[in-house]
Amino acid sequence: MRLPKAYEPKKYESGIYALWEKSGAFAPKEHPSTALGAGGAKDVYSLVAPPPNANADLHIGYALTMAIEDALVRYHRMTGKSTLFVPGADHAGFETWVVYEKKLSSEGKSRFDFSREELYKQVWDFVELNKHNLQSQIRAMGASVDWSRFLYTLDNKVVAQAYDTFKKMWDEELIYRGQRIVNYCTFHGTSFADIEVVHEQEDTKLWHIAYPLVEQGSPSTELGVKEVVIATTRPETKLGQAALMVHPDDERYKHLIGKLVNQPLVPGSPIPIIADEYVEREFGTGVVTVTPGHDPNDFEVAKRHNLPATELITTEGKMSENVPETFRGLPLTEARDIVVQALEKGGYLRKVEGYTHSIGKCYRCGTPIEPLLREQWFIKMRPLADKATSALKANKIRFYPASKKDQTIRYLEEVRDWNISRQIAWGIPIPAFVNTADESDWIFDTRVDREEIDVDGKTYKRDPDVFDTWFSSGHWPLVTLDYPEGEDFKRFYPLSLMETGGEILYQWVARMIMLGLYHTGEVPFKDVYIHGYVMAEDGAKMSKSLGNVVDPLKLIDEYGSDALRAGLLTGRRPAVNQGYHPAKIKAARNFANKLWNIARYTEGVLEGRTLLQGATLQAETIADHWILNKSSIISEEVAKAMEAYRISEAYELVYYFVWHDFADWYVEASKLQPNNAVLANVLETSLKIAHPFLPFVTETIWQTLAWEQDSLLIIQPWPTAVVADAGKAAEFEKLKNIITEIRWLKALSGTKVERIHYQGSANAPYADLIAKLAGVGQVSQAPEGYAGGVPLSAENADWRLDIDPAAVSERLAAKHAEHNALISSLQNRLANQDYLDKAPTELVEETKAQLAEAQTNLTHLENIQKTLKL
RNA sequence: GGGGUUGUAGCUCAGUCGGCUAGAGCGCAGCAUUCACAUUGCUGAGGUCGGGGGUUCAAGUCCCUCCAGCCCCACCA
């Protein structure tokens, strides 16, 4: 025998993968109907894998992505479509940056030890190494991706596309320079991404400061209100406010909206009291100051109310020129105490209380992060988003689950302009230069390898910023397909599917839709499938800091790649987070082994297939008809489930069919009544329908049994229906019921059933099968007038078991009660006139039939009990 | 704070158009087993479908409400 006793994945996986890769099966096949201009539905299935971050090993969530996508691709490939599945890797801007800094810090170094160029080179090398690892990990997962099309987000064509879009938008005035608050470390002299800021709880104070109302004989003065008190944790920023702000519905302050107040310590610069819903009435006094230059939220408020943003703190961490003279140039560390003293002296300080809140700090030096204004690049989103919204509302894209579509639409309707510049070295440099003599004179130029360029006798300096990674990866469907001239673009755009995690629905999916529409006028993909997270076993999120991260490669090593894939898919719905469960992976491993052993049995029976020579597929026994009928139905059901993205259900259908229909019933029955052609056929069907979920074991079996010369399972056609007699199939179903009933009676009586008698010669052909499958010694025809033993259920009453009636009496009584309960429930339903009137007639008829059947069963049972004198 | 999602057997989850006498896998209990597989087979016990209300002839499924968990995004002057 060529197949050893148990399936050992490690022995075969890498060889099988190499075989597929070498065969060219991963590349889309040429097909006339997929050519450009063919019109109508294209016979293709295309998707691009979300490029994993090339800054670490693949995590288990990516294994799930691959399990889903590869199952779909393999299924569609077998249905005869030309499939395109493109792999890639992401340079992952900020995240890689943070990962690399951690690496540096573990070596006692930091980013400030290197020049920008040195650093870029180092990160590049670091990512190259990871990219290589990722590729072998994706191979280990069995993904049938086309490696010749592998794309990295810093590859030239990606950069070129980003520049092209930037230029096009620049020309169309969709790009503009705008202000935005950034996280600035005054010690390091650089800004940080939100994820680089560490938040720490700190004990501080809440200072209550009075703002005197400007006297104008206003009603408020008449009411005796002379001042408004605010509460703040940052008194030093109160040296130049844009406004005070209250909640529009706050009864305490409603009458003050629109009034002016004087600023303490800032003579002669009255500011208005405005109303904005952003204010939380419960906090402090319910009145807050608006500091647009140093608070992101205030900046948004100021934009809404057309208030100016003033710089109060410089990049060096000192009070700026815009504060009253006495405070200018003060370092922040001293400014607070001095301002508080001045406030107290001036009589403005009303109260000081203790307060604990979280403060953003530089993750390296611990200096509090200053939110400072900086000029950034922005994209005007409204025109792009509106197009996307109407495409979605016109159902150009189907979402799985459907609720994600509404979520995306809501995001698009509320989208704000997109800040696409980032203040790090790692990424695609922004192709823009600024006139050294005129800060407002920006030009587009792609010579980003140069610090300075001369144009028309003027010197321009390169913008040191890079693009947000989502700006370039938002072009993914375009760049992977070689937009606009590539053959792939013509054949495969729009993609059939975009499959990804829900957390990047806005960041990535929405942007791809907008950019795809922007360039081509067409949506970039037809379907969106969102998967949930793979959580830790206890349902918590997997994270390195919690130490509950599970390494997919270790699981592949232990259980096999197939087991990991199928185990992750089991019982999963789209967009729902679910824990990782070793038991599911184990179950899948056992299933792979089950397939293996069915194959092993078949191999033995067929003696290396020699027995099949010249044999045609012809169902003989009722078991043959039954299994062929089942296999036809199941192939179709699995296909339907896959088309509807009910992937886990599809897998479970395969699992049940192979294990419980094929192995448990058919293989056992065929041992008595062999039909080698049927056995081989059903094994082939099983391998085919299991292939999308368990590609390695199924292909290994296919190769080892060598059904045909140089034949690959991966490109076999999906099974089509086999002709079988449904009536004979139903007969076998009845036989199964008899056998199950005998086993049940046997088990519950705890005694051996020595003999079964049957009445009528029609049952004779099944005697041996029943003896074997039910495990009964002797099955023979009953003598004339035989009334011994216990008859089976009403339907199978011509079978009688030689068994001690006392052993089953308790069980029969319980059964009796069950019948009665059912009968009364059915009777109640039929006694309801509304039910008879309003329910569909078929249903009422069905209920009547059920009642009749239940009553027959009951009568039968009572007869048995009477006969047995129970 | 905004958004999303989940609650069904001891555990993990299915349950599509409302027709349910609510399913599966694991676990558990009992039994079996030279004959492909102990990564096995057979049989069984386990449920007021989170609580309350409503719509309907009929609700696990639709609506309202409450409770509990989890996730994403944004963050507190």
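Quick note on labels: first sequence line is chain A, next is B, and so on, each numbered from 1.
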Mind checking the C1' distance from B:rA29 to B:rU65? Whole angstroms is fine. 42 Å

Residues A:Thr233 and A:Lys205: side-chain donor-acceptor under 3.5 angstrom: no

Syn/anti state of B:rG50 by chi, 90° boundary around 0: anti

Residue pair A:Trp596, A:Tyr12: steps toward the ring-ring contact (aromatic ring centres under 6.0 Å, His included) verdict: CA-CA 13 Å; A:Trp596 183 259; A:Tyr12 307 100; 5.5 Å; yes

B:rU6 and B:rC13: how far apart are their P atoms, nearest whole angstrom? 12 Å

Check every strand shown and say whether A:Glu818 touches a base, only sugar-phosphate, or nothing at a heavy-atom separation below 4.0 Å. nothing

Tell me which pairs pass salt bridge (charged side-chain N to carboxylate O under 4.0 Å, His left out) where either residue lies in residues 827-846 of chain A, with sequence neighbours left out. A:Glu845-A:Lys848

Please figure out whether A:Ser825 or A:Asp295 has its closest RNA chain B nucleotide nearer the 5' end. A:Ser825

Name the nucleic acid region contacted by A:Val290, choosing base, sugar-phosphate or nothing; use a 4.0 angstrom heavy-atom cut-off, strictly under. nothing

Within the 4.0 Å heavy-atom criterion, would you say A:Arg743 contacts the bases, only the backbone, or no part of the nucleic acid? sugar-phosphate

Write down the distance separating the P atoms in B:rC76 and B:rU16, rounded off to the nearest Å. 44 Å

Report each atom pair, protein N/O against N/O of nucleotides 9-15 of chain B, whose distance is under 3.5 angstrom.
from   : atom 1 : to       : atom 2 : distance (Å)
B:rU12 : O3'    : A:His581 : NE2    : 3.3
B:rU12 : O2'    : A:Lys584 : NZ     : 3.1
B:rC13 : O3'    : A:Gly571 : O      : 3.1
B:rC13 : O2'    : A:Gly571 : O      : 3.2
B:rA14 : OP1    : A:Arg573 : NE     : 2.2
B:rA14 : OP1    : A:Arg573 : NH2    : 3.2
B:rA14 : OP2    : A:Arg573 : NE     : 3.2
B:rA14 : OP2    : A:Arg573 : NH2    : 2.7

So what does A:Tyr533 hit on the nucleic acid, given a heavy-atom distance under 4.0 Å: a base, only sugar-phosphate, or nothing? sugar-phosphate

Which nucleotide, if any, forms a Watson-Crick or G-U wobble pair with B:rG1, using both distances under 3.5 Å? B:rC73

Could you check whether A:Ala821 gets within reach of a base, just the sugar-phosphate, or nothing at all, counting any heavy atom under 4.0 Å? nothing

Rounding to an integer number of angstrom, what distance separates B:rG23 and B:rC66 when you compare their C1' atoms? 29 Å

Residue A:Lys541, side-chain atoms from C-beta onward, closest of B:rC72, B:rG3, B:rU39: B:rC72

So for atom CD, which belongs to A:Glu636, do other residues, nucleotides or ligands contribute more than 12 heavy atoms lying within a distance under 6.0 Å? no

Between B:rC37 (C1') and A:Trp659 (CH2): distance, integer Å: 9 Å

Name the pairing partner of B:rU40, where a pair is Watson-Crick or G-U wobble with both distances under 3.5 Å, or state none. B:rA32

If I pick the P atom on B:rC64 and the same atom on B:rU55, what distance separates them, to the nearest angstrom? 15 Å

Using only side-chain N and O atoms of A:Arg410, determine if any of them is under 4.0 Å from OP1 or OP2 of B:rG2. no

Have A:Glu353 and A:His208 got a donor and an acceptor in their side chains that come within less than 3.5 Å? yes

A:Asp664 side-chain proximity, nearest of B:rA77, B:rU40, B:rC42: B:rC42

Which nucleotide sits closest to the side chain of A:Gln850: B:rC57, B:rU21, B:rU39? B:rU21

Counting side-chain heavy atoms from C-beta on, which of B:rC37, B:rC42, B:rC57 comes nearest to A:Tyr835? B:rC57

Mind calculating the distance between CD1 (A:Ile530) and C1' (B:rC71) to the nearest angstrom? 14 Å

Quickly work out the A:Lys586 NZ to B:rC37 P distance and round it to whole Å. 21 Å

May I ask you to decide whether A:Glu236 forms a salt bridge with A:Arg234, counting only side-chain N to carboxylate O separations under 4.0 Å? yes

Supply the atom-to-atom distance A:Leu679 CG to A:Ile627 CD1, rounded to the nearest 0.5 angstrom. 10.0 Å

Return yes if a side-chain donor-acceptor contact under 3.5 Å exists between A:Glu652 and A:Thr570, otherwise no. no

Of the listed nucleotides B:rC57, B:rG44, B:rC37, the one nearest the side chain of A:Trp744: B:rG44

When both hydrogen-bonding distances must be under 3.5 Å and the geometry is Watson-Crick or G-U wobble, what is B:rU21 paired with, if anything? none

Is the base of B:rC67 syn or anti, if syn means a glycosidic angle within 90° of 0? anti

Side chain of A:Arg600: nearest nucleotide among B:rC37, B:rG41, B:rG19? B:rC37

Nearest 0.5 Å please: distance from the CZ atom of A:Phe299 over to the OG1 atom of A:Thr291. 13.0 Å

Quick check: on RNA chain B, is the nucleotide nearest A:Leu826 upstream (toward 5') of the one nearest A:Ser403, or the reverse? Name the residue that is more 5'. A:Ser403

Calculate the interatomic distance between A:Arg829 atom CZ and B:rU56 atom P; express it in whole Å. 19 Å

Between B:rG46 and B:rG4, how far apart are the two P atoms, rounded to whole Å? 41 Å

With A:Lys586 as the cation and A:Tyr559 as the aromatic partner, state whether NZ or CZ is under 6.0 Å from the six-membered ring centre and within 45° of the axis. no

What nucleotide among B:rG4, B:rC57, B:rC37 has an atom nearest to a side-chain atom of A:Gln407? B:rG4

Are there any protein N/O atoms within less than 3.5 Å of an N/O atom in nucleotides 28-31 of chain B, and if so, which ones and at what distance?
none

Rounded to whole Å, the CG-C1' distance (A:Leu851 to B:rG19) equals 16 Å

Does NZ or CZ of A:Lys594 come closer than 6.0 Å to the centre of the six-membered ring of A:Phe662, within 45° of the ring's axis? no

With respect to the side chain of A:Leu843, which nucleotide from B:rG19, B:rC57, B:rA36 is positioned closest? B:rG19

With both distances under 3.5 Å as the test, what is the Watson-Crick or G-U wobble partner of B:rG7? B:rC67

Distance, P atom - from B:rC71 to B:rC49, rounded to whole angstrom: 28 Å

Whole-Å gap separating C1' (B:rU16) and CD (A:Glu643): 16 Å

Answer with base, sugar-phosphate or nothing: what part of the nucleic acid does A:Met535 contact at a heavy-atom distance below 4.0 Å? sugar-phosphate

Got a donor-acceptor pair under 3.5 Å from the side chain of A:Lys671 to the base of B:rA36? yes

Quiz question: going by heavy-atom distance under 3.5 Å, is there a donor-acceptor pair between the base of B:rC37 and the side chain of A:Lys594? yes

What is the base-pairing partner of B:rU16, counting Watson-Crick and G-U wobble geometry with both distances under 3.5 Å? none

Between B:rG19 and B:rC26, how many Å separate the two C1' atoms, rounded to a whole number? 31 Å

So, A:Tyr529 and A:Thr500: side-chain donor and acceptor under 3.5 Å apart, yes or no? no

A:Lys351 charged N/C atom sitting above A:Trp207 aromatic ring, 6.0 Å / 45°: no

Side chain of A:Tyr601 only, heavy atoms from C-beta on: which candidate in B:rA36, B:rC72, B:rG3 is closest? B:rA36

